[in-house]
Amino acid sequence: MATTLVTGGCGFIGSHFVRYLLQRYPDDRVVNFDALTYAGNPENLRDVEEHFADRYRFILGDIADSAAVMKALHEERPQLVANLAAESHVDRSIHQPRLFLHTNVLGVSTLLDAARECGVSRLLHVSTDEVYGVAEGEREFREEDALMPRSPYAASKAGGDLLVGAYHETYGTAVMTTRGSNAYGPSQHPEKFLPVIITRLMEGAKTPVYPPGTQVREWTHVEDHVSALDLVLRKGEAGGIYNFGSGERRQNLEMVRAILPLFLRGEDAIEFVDARPGHDARYALDSAKIRKLGWEPRRRLQEALPELVNWYREHESWWRPLKDSRDYQDHAMRHYGNSALKRDLSGEGRSVA
Ligand code: NAD
Ligand code: DAU
């Protein structure tokens with residue numbers, strides 16, 4: 001029975017990854033090491049705790065805490081480690097950049113040291129397309145392109161990527177890096193764009209869009225995201241970097257306009273709010289390398305978007321406490337500036353289109 005240690009398993013992608021591993025490898029164990037920040041939600045893995053109790057263990061811990069990480073590795077002796085623990089929201093990084101360095105740089109460095117010391121066979125570093133910066137014109141980023149991060153979040157992730165490269169060169173650490181595009185799917189925190197759109201429309205309110213709304217993102221379903229992580233964890237070349245994206249590139253306003261009809265709402269439900277500082281206008285990835293390894297995205301926006309809307313409709317008890325939390329309200333008040341969202345939160349009345 002092999003053991004995989006997943007960090008950040010209570011987050012959005014992490015929880016899908018933990019479930020995927022337990023279902024796909026019925027003889028293996030999964031240990032989930034998570035600090036349970038605002039983004040870590042044990043509810044995401046309730047079903048796993050019930051159905052896979054004998055092969056699943058949760059450990060509360062911070063990946064930047066060397067003693068805690070070493071203890072977990074000594075106890076569990078995992079052959080594989082996948083790091084999905086991160087501060088992941090660009091908007092929050094604009095207000096609290098140092099927090100991002102703690103987890104995304106110091107945390108990665110701690111894991112690299114601990115994995116080396118404990119003889120972990122393979123370590124997966126989960127990074128992002130944002131490390132490349134803006135993909136101008138028709139450009140698609142390739143793995144060897146320069147890192148040009150433009151937000152504190154992206155810079156902190158790029159810091160992790162550089163450490164990973166250095167450890168591979170210096171110590172021969174068998175560490176692989178993925179740079180995935182925007183993930184979407186069930187149980188994504190309501191601070192992120194698609195859940196913002198859907199939950200705001202469910203509330204009969206307007207949806208905040210950073211002007212001009214023509215920014216492009218490449219949307220990859222979380223099921224395809226986790227299959228890419230698993231493939232690279234097991235089959236990726238040590239020291240290798242793997243981009244992946246579905247190829248489904250859309251402007252932000254296109255995404256809003258695809259969802260509006262599902263709520264019988266029109267253009268007046270769009271509210272342009274203050275721009276995100278340093279907003280990257282376009283991401284696009286060349287995914288040829290991982291496709292050669294055998295990865296193929298299966299989900300398409302056309303069927304997955306209505307399914308996603310239904311998931312949030314059916315799981316208000318999941319997202320409502322997150323949106324009502326002091327943490328989210330503070331973030332929204334600080335971030336959205338002089339917008340209808342801020343007026344709603346401060347009790348000046350809900351803006352119904
Ligand atoms: P998330 O914010 O939903 O979850 C992060 C998880 O990490 C939470 O469970 C949180 O409790 C945990 N965590 C945070 N700091 C920790 C620490 N110091 N120690 C231990 N646990 C800690 O994130 P996500 O969207 O699932 O992203 C997972 C990874 O995938 C991140 O590395 C992110 O950069 C990357 N990524 C995300 C996307 C996306 O669109 N969501 C796309 C590409 C890459
Ligand atoms: O590209 C991969 C990245 O995708 C990951 O590394 C990050 O962890 C993940 O959060 C995501 O980053 P983005 O900044 O692209 O995602 P977000 O959902 O925050 O925003 C998507 C787009 O929507 C972006 O252009 C900003 C815009 N947006 C977002 C919010 C929250 C709005 O217009 N209004 C909003 O209220």
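Along the sequence shown, residues carry numbers from 1. Note that this is a predicted model, so its numbers are computed, not measured.
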- Task: Flag the pair I94 / S151 as yes when at least one side-chain heavy-atom distance between them is below 4.5 Å, and no otherwise.
- Result: no
- Item | Test: R57 and E76 ion pair at under 4.0 Å | yes
- Quick one: CG on L111 to CG on N83, what's the gap to the nearest 0.5 Å? 5.0 Å
- Query: Parallel under 30°, tilted from 30 to 60°, perpendicular over 60°: which one fits the rings of F17 and Y20?
  - Reply: parallel
- Message: Does any part of the side chain of P78, heavy atoms only, come nearer than 4.5 Å to the side chain of V31, both counted from C-beta?
- Response: no
- Task: For the residue pair L21 and V6, establish whether any side-chain heavy-atom pair is separated by less than 4.5 Å.
- Result: yes
- Closest non-hydrogen atoms of R122 and V232, given as atom of the first, atom of the second and distance, are NH2-O, 3.5 Å
- Query: Cationic tip of R116 within the cone over Y171's six-membered ring, i.e. under 6.0 Å and within 45° of the normal?
  - Reply: yes
- Full working for side chain to side chain donor-acceptor pair (under 3.5 Å) between Y25 and R55: CA-CA 10 Å; Y25 303 102; R55 296 192 289 121; over 6 Å; no
- Electrostatic pair R92-E191, nearest N-O below 4.0 angstrom: yes
- Between E43 and R46, does at least one N-O distance fall below 4.0 Å, as a salt bridge requires? yes
- salt_bridge(R299, E303) N-O dist < 4.0 Å: yes
- Task: Compute both the distance and the angle, then confirm whether R29 meets the cation-pi test with F52: under 6.0 Å from the six-membered ring centre, within 45 degrees of the axis.
- Result: no
- Between D28 and M1, what is the shortest heavy-atom contact and its length? CA-CG, 4.0 Å
- Query: Between D161 and K157, is there a salt bridge with N-O shorter than 4.0 Å?
  - Reply: no
- Parallel, tilted or perpendicular, as decided by the 30° and 60° cut-offs, for the rings of Y38 and H189: perpendicular
- Message: Does M202 have more than 12 heavy atoms from other residues, nucleotides or ligands lying within 6.0 Å of its CE?
- Response: yes
- Message: Between R334 and D330, does any side-chain N to carboxylate O distance fall below 4.0 Å?
- Response: no
- Item | Carboxylate-amine/guanidinium proximity below 4.0 Å for D268 and K206 | no
- Query: How close do V105 and G159 get, heavy atom to heavy atom, and via which atoms?
  - Reply: CG2-CA, 4.4 Å
